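The structure presented is a predicted model; accordingly, all values stated were derived computationally and were not measured. Sequence lines set the chain letters: A, B, ... in the order given, protein chains first and strands last, and positions in each chain run from 1.
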Amino acid sequence: MSAHQSSAVRLHIVTGKGGTGKTTVAASLALALAAEGRRVLLVEVEERQGIAQLFETEALPYEERRIASASGGGEVHALAIDAELAMLDYLDMFYKLGRAGRALKKLGAIDFATTVAPGIRDVLLTGKVCEAVRRKDKAGWPVYDAVVLDAPPTGRITRFLNVNDEVAGLARMGPIHNQAQAVMRVLKSPQTAIHLVTLLEEMPVQETMDGVAELRAAGLPVGAVIVNMVRPVLLGDADLAKAAADRSAVAVGKRRTAVAKALSQAGLGGARRGGVAERLVDPLLAQAHEHAQRVVLEREQRAEIAALGLPVRELDLLGDGVDLGGLYRLADSLRKQAVPGVMEAAARAKGRTAAAGGPEDDDIEDADDADDEDEDEDEDA
Amino acid sequence: MSLQSPVLEIDPLLDDRKTRIVVCCGSGGVGKTTTAAALGVRAAERGRTAVVLTIDPARRLAQSMGLTELDNTPREVAGIDRSAGGSLHAMMLDMKRTFDEVVVQHSDPERARAILENPFYQSLSAGFAGTQEYMAMEKLGQLRAQDAWDLIIVDTPPSRSALDFLDAPKRLGSFLDGRFIKLLMAPAKVGGRAGVKFLNIGMSMMTGTLSKVMGAGLLRDVQTFVAAMDTMFGGFRTRADATYRLLQAPGTAFLVVAAPERDALREAAYFVERLADEDMPLAGLVLNRVHGSGAAQLTAERALAAAEALEDYVAERAAESEAEGTDGSTVDGAGAHSGAEGEENLAGGGIVDQRAGHDDSRQDLPAGTDDSERLAAGLLRLHAERMQVVARERRTRDRFVSVHPEVPMVDVTALPGDVHDLEGLRAIGQELAEGQPAAA
C-alpha cells in the first residue's frame, strides 16, 4: 500500500467478467483522467472495436488518434492494437526487419505468432501498451499523462499480464528475454493499477474475488474495484423489510387493503375487490418482493467486495444504455468519487513540488534504463 | 406493436432422438453455462442419456451438479429423476489434461515424454490461444466417439469473441499445414527427408532471423517441440476436421444464448450469421434475463405521476401535523391546513377528488396509513422503473428480430439471484420449454 502512495498511477488496466461493462468503464475512466488538460491514451487489445462503438466513431485503425475532448482542454486518444501489425511494428522497431518481417508474414510465422501462440500475441500487446506508457517527447516528458487499457476479462487477466514472466523464463536470454523483463517491471511498478469491474451479482463478484487473489499472488498491483450498473434502491428500509418478508403475509389483511386504497387515491381506479387499483396490488407487491430479494443479495455482495480492503467506486446503471452523453456522465461520477490512483498522485505532487525540476524520475524511468542496459549487453554479446 | 419471432420449442428438440449434440454459444456473462445445465437436467428427466460438458462453471453451480473437482471425466449428477429412463452426467473441461491425453494417446511413450517435458509445450498447452476452444472440440469428439450418451450438451468457452469457438480448430489446422511449421522443423531434421529441400539460402536467413528474435535457446525448444509433435499433427488435423463436420451434421443443434442487451444481442447476431455461413444448424436463440411485469397495463408515466402525487400528499400531511404539533393553536393550525390545500391543487390529478374520503379514513385508521401511502408510492416507482426496463429490452430485441425474423426465440425471466441447485435448473428448464415467443 505504501508503494501506491509513493507515486502516481500512469497505467490503468481495466478488467472484469464478461458482461460487466469493462469497456464502458475504461472509456469513462479515460475521460475522467483527461480532465484538467491531461492527455490520456485509451487502448483496446481484443480487436472488437468496442471503443469506436462507444464513442460513436468509425472503426479505429492501428494508429493513435484523438477521439474525445474532456473538460479543461484535456484529450483522450485511442488505439486499437492489431496484433499482427504490432508484430511487424515490433520487428521493425527492434530488429529493422522491414523485408524479413514481410517474408515471415508470407510464411505464416506472423499468423502463428499472433493467433495460434497467444503467449506471443499477449507479449506484443502488453509490450505496445508499456511502450506508450514510457514514450517521451523531445523534452523528455511523457507523451501521455496516463494510459488506460481495456484489458482481457478477469478470467484471463493474470495470465495476460504475466505472460512476459513466462516468456522471460522460456527465452532465457536475448532480446525477447530483455524486452519481456522490461515490460514486467512496468506492470509490477507502483505506476500500474489493475482495476476490476464487477456488478452486484454473485458470479461477477466471485470472479472479482478470485481475480484479486490471483493478481496479488502474482505480485501485480491491484487498484480499485469498480461496481458498475448499480441500480437504485427504490424502497425505504422499513418497506424493504416488509417486502422481503413472505409475499402472501404482506399481501393479506389491512395492509393490502390500505395499499389498494392509496393507489385508488392516486387516481389509479377503484380500490374495491376486482377494481382497477385493487388488481394492481398483487403484481406490484410481487415486484417489490423481487426488488427486496435483489437488494438483500446486493448487500451481501457489497459486503464481500468491502472485505477485499480495496478502494471501491460505484457507477449507476444508465437506464437507456450507454451513449456518448452517458459516458461523460459516468466520467463525471468517477471524478466526483475521486478517480482511482489520482488522489494519491495529487498528494504526492504537493509534497515534492520544490524538488520537481524536470521529467518524472520514477520506477518506469528505471525500467527504461534497465532496458537500455539490457540492450547494451546484447550488443556486446 | 412489438415484432414477433417463431417460438423456439425446446422439448421437441430435446425429445428427438436424432438430436445428438446441442451447442450453447454466445458472449460472456449471458448465462450460457446455466442454460446448458438446465437443458441437461430437463433432457435427462425426459428420458435422454445426457452429458453436459462445461468449460468454466461458477463454483456453486458446479457444486450443485456434483462437480467438485476438475477431473476431466464425466460424473453422474445425483438427484436427477430417472423415472423416464434417462440420466445425466457432467464434466468440467481441464484443458491441459485433455491436451496431455491427446499427446499420450497419439505418440509412443518416448516421444510423449519428450513433448510433455518440453518447456515450450508446458506453457503452450495451458495458454495456447484457442486451446480451450480446440480442446472443447477435441473432448466433444471423444465423448461422441465413446457413444455412452445419446445427447451431448456443450457449453462454449468464454472467448474473446464467441466466434473464436468456430475459428480455433480451423486456425490450428491451417497453421499445422503451413510452411512455417516446416521451416521450424527443417534445422531439427538436417539430413532428414522433407526438411532439407526447404533449407535454401532464404530459409537459413530466416532461421537466422528467428534465432536473433527469439534467442537461440527458445528457437531450439520450439524446434524440438515441433519435431516431437510432427507425428501427431496429422491426427490433430484429421480430428479437427471430423469435429467440424460433426458440428454441421443434422444431429447437431446450435443454441445462441443472449441477454436483452445491446452488446449481447449484437454478438448473437454475428453468431447467427456466421453459423449460416458455415452451414451449421441453428435451432434458435435463448434470451435470458428478460424482465416482465404482472401489471403491464400500468405505464411507467402513469405510475410515476401517481407516485409523485402520493408523495406530495404524504409530505404535505407531515408538514400539516408538524404545524399542528408545534403551535398547538387551533387557529394557526387551520391556517396551515388551508395553505396545504392550495399546494395540493397544484399537484393536481386524482388525489384531489379523493381528498374528502381520505380525511375520513385518517381518523378511523391507525397511524399506519401514511405508511401505506409511502409504500404504495414506492411500489409505483418500482413499477415505473420495471416498465422502463421492459421497454428498453423490447427495443433491443426488436432490433435483432427485424434483422433476423426467421430465428426462433424463447425468453427466460430474469431472476433476482443466481441459480445454484437442481431445483433452480429445473425451473429454468420448465421456462425454456413453456417459453413465450419473443414478443409477449
I'd like to know if the side chain of B/Arg266 pairs up with that of A/Gln53 as donor and acceptor (distance under 3.5 Å, no hydrogens or angles considered). yes
Is there side-chain contact between B/Leu380 and A/Leu268, with at least one heavy-atom pair below 4.5 Å? yes
Could you tell me whether the side chain of B/His420 reaches within less than 4.5 Å of the side chain of A/Glu202, counting heavy atoms only? yes
Using a strict 4.0 Å threshold on nitrogen-to-oxygen distance, state whether B/Arg386 and A/Glu290 make a salt bridge. yes
Test side-chain contact (heavy atoms from CB on, under 4.5 Å) on B/Gln297 and A/Leu280 and set out the steps. CA-CA 9 Å; B/Gln297 70 273 22; A/Leu280 286 171; 3.6 Å; yes
Side-chain contact test, heavy atoms from C-beta onward, threshold under 4.5 Å: evaluate it for B/Leu382 versus A/Leu284 and give yes or no. no
I'd like to know if the side chain of B/Glu385 pairs up with that of A/His291 as donor and acceptor (distance under 3.5 Å, no hydrogens or angles considered). no
Here the pair of heavy atoms bringing B/Arg302 nearest to A/Gly267 is NH2-O, 3.6 Å
If you count heavy-atom pairs under 4.5 Å between each of A/Gln206, A/Lys17, A/Arg279, A/Glu207 and chain B, which one has the most? A/Gln206
Which heavy atom of B/Asp418 sits nearest a heavy atom of A/Met203, and at what distance? OD2-N, 3.2 Å
Can you tell which part of B/Thr396 gets under 4.5 Å to a heavy atom of chain A, answering side chain, backbone, both or neither? neither
All heavy atoms of A/Ala266 vs all of B/Leu310, minimum pair found to be CB-CG, 3.7 Å
Contact winner vs chain B - A/Ala260, A/Gly19, A/Pro283, heavy-atom pairs under 4.5 Å: A/Pro283
Contact between B/Leu379 and A/Gln287 at the side-chain level, heavy atoms closer than 4.5 Å - yes or no? no
At under 4.5 Å between heavy atoms, what parts of residues 257-265 of chain B are in contact with chain A? List them by residue number. B/Arg262
